[in-house]
> 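One structure, as structure tokens, below. Some questions next.
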Protein chains: 4
Amino acid sequence: MCARAIDSEDKAARRAEILSAARRLFLHDSRQLPSVAQIATEAGLAKGTVYLYFQTKEEIFFALLNEYFAGLLQAVHAVFEAPASDDVLTRFMTRYLAYLDACPELLRLDAMAYSVLERNLDDVILRAFKLELLQGLTATAALIEDRLGLSAGRGLNLLMRTYALTRGLWQSLDYPPNLKLLLADPVFAPIRPDFRSELGAALSEYWRGALES
Amino acid sequence: MCARAIDSEDKAARRAEILSAARRLFLHDSRQLPSVAQIATEAGLAKGTVYLYFQTKEEIFFALLNEYFAGLLQAVHAVFEAPASDDVLTRFMTRYLAYLDACPELLRLDAMAYSVLERNLDDVILRAFKLELLQGLTATAALIEDRLGLSAGRGLNLLMRTYALTRGLWQSLDYPPNLKLLLADPVFAPIRPDFRSELGAALSEYWRGALES
Amino acid sequence: MCARAIDSEDKAARRAEILSAARRLFLHDSRQLPSVAQIATEAGLAKGTVYLYFQTKEEIFFALLNEYFAGLLQAVHAVFEAPASDDVLTRFMTRYLAYLDACPELLRLDAMAYSVLERNLDDVILRAFKLELLQGLTATAALIEDRLGLSAGRGLNLLMRTYALTRGLWQSLDYPPNLKLLLADPVFAPIRPDFRSELGAALSEYWRGALES
Amino acid sequence: MCARAIDSEDKAARRAEILSAARRLFLHDSRQLPSVAQIATEAGLAKGTVYLYFQTKEEIFFALLNEYFAGLLQAVHAVFEAPASDDVLTRFMTRYLAYLDACPELLRLDAMAYSVLERNLDDVILRAFKLELLQGLTATAALIEDRLGLSAGRGLNLLMRTYALTRGLWQSLDYPPNLKLLLADPVFAPIRPDFRSELGAALSEYWRGALES
DNA sequence: TATGAATGAGTTTTCATTCAT
DNA sequence: AATGAATGAAAACTCATTCAT
């Protein structure tokens, strides 16, 4: 793993390897961000090498989070790109939930982003990330508006509020192991619904209200 | 402030003082949790004394968060306790937003809770907190069901989803100072709406969808 | 070594212990400043404890340097305090050189002070140190002026220039072990005189010139 | 700047370029030695290339310091080479101070040399540097002895002690910016004389004493 | 009860140097 | 000769928590 990444393709690959190592580690224990030393080891690199590809530890996780977001947006985009049909909303919901199921760590990382990730991140990098996100968001929003015959701006509303509901519910329902045990007591059943079905129900309600003429 | 708190009333008062000191400090800089040393100083106590009233630092902030939740629930409760009227939903929304306006630090603390607060918290304490929250939630949920003529369980749904949307939007729209500056660029206007109006709009949509027969 | 230093006398003693540990370590290898971890171990304390007594690593060494300076000044002071006599200059020289002989690490630490020590030092602390030094300097300078019948300001000149010559010569003549070996070659004899005799000679010349009417 | 330096003349030129880049950088911020990466960039070379011309970072700065010394010696040499005259000492002092004024970074670099530069320097290189210095010193010393009618060895004494006084005073009087601010307080005026006039006065005293029969 | 002295785990980042290309 | 990707050692400092007084 010490073959030199000379051309920019190799460099991109190495960057991706580091990101992938970080993802594996975080997936394994998503209660805290792995240390740079751990990431380097997992990627088979020296610590210093990681810093050739990322300016700070935070940048690594922010890049990872952005990848997840991009993937999620892409999935949504794909749903609405398909020929219009009556069940587009159902298909959207299914695909959306499937993506989240496939990336259980996305919402964890997202929850940490608020208090940790944005510190210690170079402004230029941060802007680039945000811009990329914005563009994906805008494109998909426009597509949704087109498909559903909505007015300008509604697409972005729907996307942002959908994600807000998702993130908010996750944080309400994802308990750490010790809490999970504690809340197993039937008394707590009301505040311990299954995340996936709860999210499905909540989103249905929200979209119904939002799309109502 | 070193008079000994002997009877349980004095003890409760001292506990409240510590909590109050923590709140003041967090209000002053809600980007990070104040240290125990700071809290002790602010409360006019020694560090060790704080540990006579709280087992861990996290317990302090968890207790604080629970207070905020209780207050929010109480505000909502008050709205629905008043004689039924057509505009109950409008009054709810107004009151709800007003509470959040008055406690800008609630949502910050809440956002930190996920990644920080629940670690390192005694199970018994945690259970007690959760139970208290559950009870408030249940009571208000029942009241809402009664007032709005909803079926059992719907009240809790509404409350949890309302808060989820709130928390999720907050985390999307509350940027740290450096980001705020960065996002001042008109390019980013679409992802930088005002939190309050955005929340109002989102909640309206959600409730409309949820209450639709 | 973990008995608690409660009253201020004990605290001063503990502070002195830390300083003493740092001195021992530096004496042992005076090519580099020992790490805080080493100092703590040598003093039989935990790292964190060291930071209860000194704000930064630099403060430790600066305090140490100030102790050396104070000692040197005191030695000089004692010489001039004795009843005036013709040989006061001879006695001064003897005493001065003896002090330097007894503290070979003083001039090493001093040489490092320029590039290392003054960084990362709290202004208030720094000022206090400088003030203490200034006072010692002023007092001894006044005494010298009195004893030698010099005009105001001359004492300070003499002291500062004497020390400047001392420090400058030291840095010219103190070679690290590898260089010492290298310069053992007779070719280098001219630039490798014995520090002590060279300093004696240089100071004699300087004082002769300075005191000449 | 990546044309290959093949013949030894080109190589010497490239070496000089690196040295010059280091000098420019150090002149710009003489509180710390620039990194090798910075030097390479400033010289328009790759990091690795620098190591083709210098074995270690220290060698660069040591070579630079030697250049400064050589220049200083040459300036002194020139003074004494001129036809003997009564005011040779005055001219020496003027020229000496002028050289230091023109190279304010010399004394900074020199002060750092003690604790940093001589580590990690190859013995052979070190010897060569010292030998070069010795030769310059010897030649100028002989010239001085001749001009001033001094006995053998006195010239070297004068040069070394003169420089020692210079270096020692510099280190006493050159304060980093934060200290300068701190010592602006009139209380500290006595230990804050102007370096140049203080050096002039000190050297006058020293030379008077040294040349006195 | 209250105090505050003592503890010590835990991690990012820089940068001189090497060496494959 | 020139490049620049990769290496990895090295250390200060914070702060939650404990416990002797």
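Values in this document were obtained by computation on a predicted structure and should not be read as measured data. Each chain gets a letter, A, B and so on, in the order the sequences are listed, and its residues count up from 1.
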> Provide, to the nearest angstrom, the distance between the CG atom belonging to Leu52(B) and the C1' atom belonging to dT3(E).
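Rounded to whole Å, this separation is 9 Å.
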> Specify the residues of residues 108-115 of chain A, ordered by number, for which at least one heavy atom lies under 4.0 angstrom from an atom of DNA chain F.
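Contacts with DNA chain F under 4.0 Å: none.
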> Output the rounded distance in Å from CD1 (Ile39(C)) to P (dT7(E)).
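Whole-Å distance recorded here is 15 Å.
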> Take Val50(A) and Lys11(D), find for each the nucleotide of DNA chain F with the closest heavy atom, and name the residue whose nucleotide sits nearer the 5' end.
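Between the two, 5'-proximity favours Lys11(D).
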> Hey, could you give me the CG/OG distance between Asp110(A) and Ser115(B), rounded to the nearest 0.5 Å?
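So the CG of Asp110(A) and the OG of Ser115(B) are separated by 11.0 Å.
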> Within 45° of the ring axis of Tyr114(D) and under 6.0 Å from its six-membered ring centre, is that where the NZ or CZ of Arg31(C) lies?
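Yes, Arg31(C) and Tyr114(D) form such a contact.
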> Between Leu65(B) and Leu106(B), is the side chain to side chain contact (heavy atoms under 4.5 Å, CB included) condition met? List the steps.
CA-CA 7 Å; Leu65(B) 189 57; Leu106(B) 154 59; 3.9 Å; yes
> Find the distance Glu59(A):CD to dT12(E):P and express it as a whole number of Å.
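Result: 15 Å.
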> I want to verify a distance call: between dA5(E), dA2(E), dG8(F), whose nearest atom is closest to the Thr49(B) side chain?
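Of the candidates, dA2(E) comes closest.
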> Where do Val50(B) and Ile60(B) come nearest, in terms of heavy atoms and distance?
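Of all heavy-atom pairs spanning Val50(B) and Ile60(B), the closest is CG1-CD1, 3.8 Å.
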> As an exercise, state the distance from CD1 of Ile39(A) to CZ of Phe54(A), rounded to the nearest 0.5 Å.
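One finds 8.5 Å between CD1 of Ile39(A) and CZ of Phe54(A).
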> Run the salt bridge (Lys or Arg N to Asp or Glu O under 4.0 Å) test against Lys47(C) and tell me which residues pass, sequence neighbours left out.
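Lys47(C) satisfies salt bridge (Lys or Arg N to Asp or Glu O under 4.0 Å) with no residue once adjacent residues are dropped.
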> Sugar-phosphate atoms are those with a prime plus P, OP1 and OP2; base atoms are the rest. Using that split, label each nucleotide of nucleotides 14-21 of chain F B, S or - for protein heavy atoms under 4.0 Å, 5' to 3'.
B-SBBBB-
> If I take atom CZ in residue Phe61(A) and atom P in nucleotide dT11(E), what distance separates them, rounded to the nearest angstrom?
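Value for this atom pair: 12 Å.
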> To the nearest 0.5 angstrom, please state how far the CZ atom of Arg14(D) sits from the OH atom of Tyr53(D).
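The OH atom of Tyr53(D) is 5.0 Å from CZ of Arg14(D), to the nearest 0.5 Å.
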> Could you tell me the separation between the CG atom of Leu121(A) and the C1' atom of dT12(E), rounded to a whole number of Å?
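From Leu121(A) CG to dT12(E) C1': 15 Å.
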> Give the stems involving DNA chain F, where a stem is 3 or more consecutive Watson-Crick or G-U wobble pairs (i with j, i+1 with j-1, and so on) under 3.5 Å.
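The stems that DNA chain F takes part in, listed by first number, are E:2-21 with F:2-21.
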> CD of Gln38(C) versus P of dA10(F): gap in Å, rounded?
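The distance from CD of Gln38(C) to P of dA10(F) comes to 11 Å, rounded to the nearest Å.
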> For a quick test of reading the model: is some side-chain N or O of Arg14(D) closer than 4.0 Å to OP1 or OP2 of dA2(F)?
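For dA2(F), OP1/OP2 do have a side-chain N/O of Arg14(D) under 4.0 Å.
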> Between P on dT14(E) and CZ on Phe54(A), what's the gap in Å once rounded to a whole number?
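In whole Å, dT14(E) P lies 16 Å from Phe54(A) CZ.
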> What side chain to side chain donor-acceptor pair (under 3.5 Å) pairs are there with at least one residue in residues 57-68 of chain C, not counting sequence neighbours?
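Counting only pairs at least two positions apart or across chains, the side chain to side chain donor-acceptor pair (under 3.5 Å) contacts touching residues 57-68 of chain C are Arg23(C)-Glu67(C), Arg23(C)-Tyr68(C), Glu58(C)-Asn120(C), Tyr68(C)-Glu105(C).
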> Do you know which two heavy atoms are closest between Ala63(A) and Leu19(A), and how far apart they sit?
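What the structure gives for the nearest pair is CB-CD1, 4.1 Å.
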> Roughly how far apart are Thr56(D) OG1 and Asp122(D) CG, rounded to 0.5 Å?
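The distance works out to 8.5 Å.
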> Remember a base hit wins even if backbone is also touched, and classify Tyr53(B) as base, sugar-phosphate or nothing at under 4.0 Å, heavy atoms.
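Touches sugar-phosphate only.
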> For Phe129(D), what residues pass the ring pair (Phe, Tyr, Trp, His ring centres under 6.0 Å) criterion, not counting sequence neighbours?
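Expected list: Phe62(D).
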